[in-house]
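Here the structure comes first, spelled out in structure tokens, and everything after it is commentary.
Chain A is the first sequence line, chain B the second, and so forth, proteins listed ahead of strands; every chain is numbered from 1.
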Amino acid sequence: MRADHDILVIGGGAAGLRAAIAIAELDPSLRVAVVSKVYPMRSHTVSAEGGAAGAFASDDSLEEHAYDTVSGSDWLCDQDAVEAFVVEAPRELLQLEHWGCPWSRQPDGHIAVRAFGGMKKKRTWFAADKTGFHMLHTLFQTSLKYSEVARYDEWFVTQLLVDDGRVQGVVALELATGRIAPITAKAVILAGGGCGRVFPFTTNANINTGDGMALAWRAGVPLKDMEFVQYHPTGLPFTGILITEAARAEGGWLLNKDGYRYLQDYDLGKPTPEPELRSMELGPRDRLSQAFVHEEEKGRTIGTPYGPVVHLDLRHLGAKLIDDKLPFVRELCLKYENLDPVRELVPVRPVVHYMMGGVHTDIDGATPLAGLYAAGEVACVSINGANRLGSNSLPECLVFGARAGRAAALYAAGAADPGPSVAALARDEERRLTSGLRDRTDGRESIAGLRTGMQQAMEDSAGIFRTEESLLGGAARLRELQERSESMAVDDHSRAFNTQVLAALELSNMLDVAEAIIAAALRREESRGAHQRLDFPARDDESYLAHSLVHRDETGAHKVEYLPVTVTRWPPGERVYGR
Amino acid sequence: MSEPAQQTQRPYRPEISRLWWLRRRSYVFFVLRELSSIFVAWSVVFLLLLVRALAQGEAQFRAFLDWAAGPWVVALDVLTLAFLVLHAVTWFNLTPAATVVKLRGRRVPPRAIAGGAYAAWVAVTALVVVLVVTR
Amino acid sequence: MEPVLWLLFSAGGVVSALFLPVLVFLFALAVPLGWIEEPGRDRLLGLLGHPLTALVLLGICVLSLLHWAQRFRYTLFDGLRLKAHERPINVGVYALALLGSAAAAVVLWQAVAARSG
Amino acid sequence: MADTITLEVARYRPDRETEPTVEAFEVPLRRDWAVLDGLNHVKDNLDGSLSYRWSCRMGICGSCGMTVNGEPRLTCATFLVDYAPGPVRVEPLANFPVIRDLVVDIGDFMRKLPEVSPWIVRGEGTSVEEGEYLQTPEQLADYSQFSMCINCMLCYSACPVYGLDPEFVGPAAIALAQRYNLDSRDEGADVRMDLLIHPEGIWGCTFVGECTRACPKGVDPAGAIQRYKLTAALQSLKSFVLPRGPR
Ligand SMILES: Cc1cc2nc3c(=O)[nH]c(=O)nc-3n(C[C@H](O)[C@H](O)[C@H](O)COP(=O)(O)OP(=O)(O)OC[C@H]3O[C@@H](n4cnc5c(N)ncnc54)[C@H](O)[C@@H]3O)c2cc1C
Ligand code: SF4
Ligand code: F3S
Ligand code: FES
């Protein structure tokens, strides 16, 4: 049987599109396709605001970008990956420039860079404050140039076809018609994005349900460092809409209910009128979010119907700077909070934002399963370790998207076509989706109810601070939800654009991912980066300078193992900010 | 293995009625704007009739003026004037959207372009009035 | 073809917007209704039959008619959903506009002749 | 303020019905609820079979466009209180075939988009190693407005010409062509011109202007099209006068 495609990319975000273009450029005769559950330009990358880091300015160096990333990760990243990353990031950003990305410029026409949290130098490229939007549309429009890149728009992948120890394609559901079909390929690249939706309050889009992580995990690929969930310190209450870190990089202040710049109380440096790199408001996200919780405990936050908030103060920046550098922030505040940051304080609170962990890959995006690659937020290479620095993720999508694309192309050239058992596997999956789900009439549990239960369990047990007790409670609640989810109520049995079936599939994916997060968090008895255990408040390099790997054991349960991190040039040290 | 999409699953394509432009106020306005062209054409015809009468002689000119002062013709011409003003105003308002003028590398603000168009209108009007009315 | 027709339409749009309102106001309302003192045939012929004025008027007439032709045919296409009859409509409106233009030339020429004769 | 509001939602289930019907739902009326929050309330609590698209709920992914009380809107950026006391009518975007409930088929746009070459066209030569193409903030400003398009299709839904003649390339695609034409790094204006000067390209547009009024991102496709017409017309005039001259 001839494969439908040489390489199939799951996901049309920055990582997926970059991979597809890399393959098309490498060898136009390769048959590559992108399958995405939304039209590519709707992918979540579109929401990224602040920017993309790449050492490029004359006063900057690759070494410094690497060091900031390593220390930002609390030494949990793989340093060989970081070194490759910092070298290739500026090249990738330049490549995007050549493809038409409207990067903001200096008066003389050169690329402009801005400061970002945890970075010692100004090295974040930006396109006003719609960086992800411009990057994604540039990539998507550029990808149209390569007519050999086929697309399956609005197809939802439900399973990886694995046989004979290698990936041979996927089964997917065409949303418009309800058709279920195998799409075979010699190699598959997972670029399915993050999983913020397992939490109730998140900046992530509705589509970020961790599908890619669940697909890989069920196919026997371990998930790495899942306990590290990044909270962003400044989300708008209720909607969770992100106020980009750039707002603080341009000079915004965080104030508690007394109008006091409280970060100075948390070992993040002294307040200065001008923003200072790696200090105060420009400290790393984990530390800022943790400081918020302490302020809340001291009763110094402001109560609102949507929970406690602090204030982001941009008023002193003035209308002109805000309109030039942060127009989208102003637009979002006006449209969604009905307030004008030029004159008013913006209420903000920490919000789940980014998944450091993901599908375990090597430095070329290869997973332990032959033929399966992963890149972008779905993957864990890892350059982010215990805490991702703002603006490292977009370039990560580019660098490792391209790498995974090239590696998959190389693999596909020598790989065999799919074997005969694929059809049978696909038939089983189709049965599971139709008689087992869409056509079923005996379900009782409401999908929305289960989802709310899961999100609440995650917030209560695996939030900014965790304990063994909270995590055990969460694990038990998730177990119960998993069991109840066996009987999800589906009352829409139609084929055309059945979003209820979609919601059910996404919920199962999220439950598996949520359990992985809890399992990994329970095992790591230390505090590092975004993983803060109140019962183990110190970092413990002796036992835990290692990646957690959550496997699926024979019974389908989550099993945790450890893999040492790769250290090349920067031995573990203390993370200091503001000094 | 994938079953063909069921025959019953057809996207719905609504019919568009001939009166689609009554659906929204802005569409009605648009159609009125487009209809102004008829009155532009009528203005030309009227002016040519006037010139022809002038050329033919005093009697024909008088007859033309009498005809033009008749109630139906006056009503039509009032309507014509209204549509011409609509045409002029919409035209000048849209001018800046279609033209980008740059002066020393800076884009002339749209308001200035529209302002220029209105100024030209005033100037032309004044010129014509002066030519016709003053002795 | 389309670009040229559009340019002429635009030129006609400008010219008709600038000139027609005042001309219609003066000659279709103000003069016949006696709002202003009637200038008299000689003076009017002296003005409108002047070769330069006649030339300007010819330009206004021709461009305005071409403006009408383009707009009117699209009004028929879209407003009355007659796109199916595109060809005959196109031929019809432009034939009329050209006919009108020729008539304008003849009439204005007569005026010039009458003035000098 | 009443504490609920009625949503009159268009339903269309192709395997059950041959044309759309309307179903009314009572949803909470909260100050900060967008129309989309109302729909989500319906889906989670009242009728799980209601289908519509959404994702970012911050006005940037472009997927939640629907017709709200007759106007094309992003439902994540349109607030229920602005329609109090209601009812609020929610229908799929006009001018597109309806797949199901509030979901329309935008395949037509997706096919047209590549036809206008929305990517940088440039002769051989400069490699990434040689650094960036310089572009001053002023040059950036020349096209940045047209680069803001989120492909939400509200302009297509508002444009009567597109409704009448689906062959018309339409506002957003032309605005995107213009976005690249005006980019100082691009050299593809001629290629794009050839693709757009056919009758269903730019000339179909009669400057209704509704596209610009509907656009939630201030793109001004109407302006883009008119400017494009002017350039195209002058250019073909030039090639008419100088048949073999520079184009
Ligand atoms: C509000 C916000 C602001 C951010 N700002 C920044 C920033 O300033 N700088 C920075 O570096 N990072 C930022 N990030 C993080 C960054 O945007 C993301 O990590 C990155 O965009 C992820 O890209 P991706 O390509 O991995 O995935 P995505 O863009 O999320 O794309 C995932 C793709 O996978 C597809 N997919 C998923 N599941 C399936 C399935 N089952 N079947 C078929 N297809 C599927 C989706 O359709 C989609 O096309 C921000 C994140 C958020 C939430
Ligand atoms: S031009 Fe505006 S309305 Fe049209 S698709 Fe783009 S953003 Fe939407
Ligand atoms: S509404 Fe349509 S007709 Fe033109 S100006 Fe906009 S595309
Ligand atoms: S949900 Fe993304 S634009 Fe409304």
Take B:Val132 and C:Phe27 through the test side-chain contact (heavy atoms from CB on, under 4.5 Å) and record every step on the way to the result. CA-CA 10 Å; B:Val132 172; C:Phe27 294 120; 3.8 Å; yes
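- Taken from OG in C:Ser10 to CH2 in B:Trp91, the straight-line distance is 4.5 Å, to the nearest 0.5 Å.
- Only the side chain of C:Ile36 comes within contact range of chain B, with heavy atoms under 4.5 Å apart.
- Using a 3.5 Å distance cut-off with no hydrogens or angles, the side chains of C:His67 and B:Ser37 do not pair a donor with an acceptor.
- Salt bridge annotation for B:Arg62-C:Glu38: present, with a cationic side-chain nitrogen under 4.0 angstrom from a carboxylate oxygen.
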I'd like to know whether B:Phe61 forms a side-chain contact (heavy atoms from CB on, under 4.5 Å) with C:Leu44, so could you lay out the CA-CA distance, the side-chain angles of the two residues, the decisive distance to 0.1 Å, and finally the verdict. CA-CA 10 Å; B:Phe61 177 54; C:Leu44 272 186; 3.7 Å; yes
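- Taking both residues in full, the closest heavy atoms of B:Leu48 and C:Gly100 are given as CD1-O, 4.3 Å, listed atom of the first, atom of the second, then distance.
- Side-chain atoms of B:His87 come within 3.5 Å of backbone N or O of C:Gly13 as a donor-acceptor pair.
- When heavy atoms are compared at a cutoff of 4.5 Å, B:Arg33 approaches chain C by way of both its backbone and its side chain.
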Going through the checks in order, is the side-chain contact (heavy atoms from CB on, under 4.5 Å) test met by C:Gln110 and B:Val51? CA-CA 9 Å; C:Gln110 286 170 352; B:Val51 174; over 6 Å; no
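- Looking at heavy atoms from C-beta onward, B:Leu54 lies out of side-chain contact with C:Arg115 at the 4.5 angstrom threshold.
- The residue among C:Gly79, C:Ala69, C:Ala97 with the most heavy atom pairs within less than 4.5 Å of chain B is C:Gly79.
- When heavy atoms are compared at a cutoff of 4.5 Å, B:Ser36 approaches chain C solely by way of its side chain, counted from C-beta outward.
- Of the atoms belonging to B:Trp20, it is side-chain heavy atoms, and not backbone ones, that fall under 4.5 Å from chain C.
- When heavy atoms are compared at a cutoff of 4.5 Å, C:Leu20 approaches chain B by way of both its backbone and its side chain.
- Residues C:Leu82 and B:Arg18 share a closest heavy-atom pair of CD2-NH1, 3.9 Å.
- For the set C:Asp78, C:Leu108, C:Ile60, C:Val31, the count of heavy-atom pairs under 4.5 angstrom toward chain B peaks at C:Asp78.
- Across all non-hydrogen atoms, the minimal contact from B:Leu50 to C:Leu48 is CD2-CD1, 4.4 Å.
- Using a 4.5 Å cut-off between heavy atoms, B:Ile38 touches chain C through backbone and side chain atoms alike.
- Comparing B:Gly57, B:Ala123, B:Ala120, B:Ala88 by how many heavy-atom pairs each has under 4.5 Å with chain C, the most go to B:Gly57.
- Most heavy-atom pairs under 4.5 Å with chain B, from the set C:Ala114, C:Pro21, C:Ala111: that is C:Pro21.
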Passes side-chain contact (heavy atoms from CB on, under 4.5 Å), B:Leu47 versus C:Cys61? Steps please. CA-CA 9 Å; B:Leu47 290 175; C:Cys61 289; 5.5 Å; no
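- For a residue to count as touching a neighbouring chain, one of its non-hydrogen atoms must lie under 4.5 Å from one of that chain's; by this rule C:Leu18 touches chain B with backbone and side chain alike.
- Separation of the B:Trp42 and C:Phe72 ring centroids does not fall under the 6.0 Å cut-off.
- Using a 4.5 Å cut-off between heavy atoms, C:Val112 makes no contact with chain B at all.
- Taken to the nearest 0.5 Å, the CZ atom of C:Arg41 stands 8.0 Å off from the CD atom of B:Gln60.
- Sparse packing is recorded around CZ of B:Phe29, with 12 or fewer heavy atoms of other residues, nucleotides or ligands lying under 6.0 Å away.
- Taking all atoms of both residues into account, the shortest heavy-atom contact from B:Trp121 to C:Ala17 is NE1-O, 3.0 Å.
- When each of B:Thr95, B:Asp77, B:Val74, B:Val31 is scored by its heavy-atom pairs under 4.5 Å with chain C, the top score falls to B:Asp77.
- Neither the backbone nor the side chain of B:Leu19 comes within contact range of chain C, judged by heavy atoms closer than 4.5 Å.
- At most 12 heavy atoms of other shown residues, nucleotides or ligands fall within 6.0 angstrom of atom CZ in B:Arg52.
- For chain C, no part of B:Val73 is nearby; none of its heavy atoms comes within less than 4.5 Å.
- The choice from C:Leu96, C:Val106, C:Leu65 that makes the most heavy-atom pairs within less than 4.5 Å of chain B is C:Leu65.
- Only the side chain of B:Trp21 has a heavy atom closer than 4.5 Å to any heavy atom of chain C.
- The part of B:Phe92 that comes within reach of chain C is its side chain, from C-beta onward, which places non-hydrogen atoms under 4.5 angstrom from that chain.
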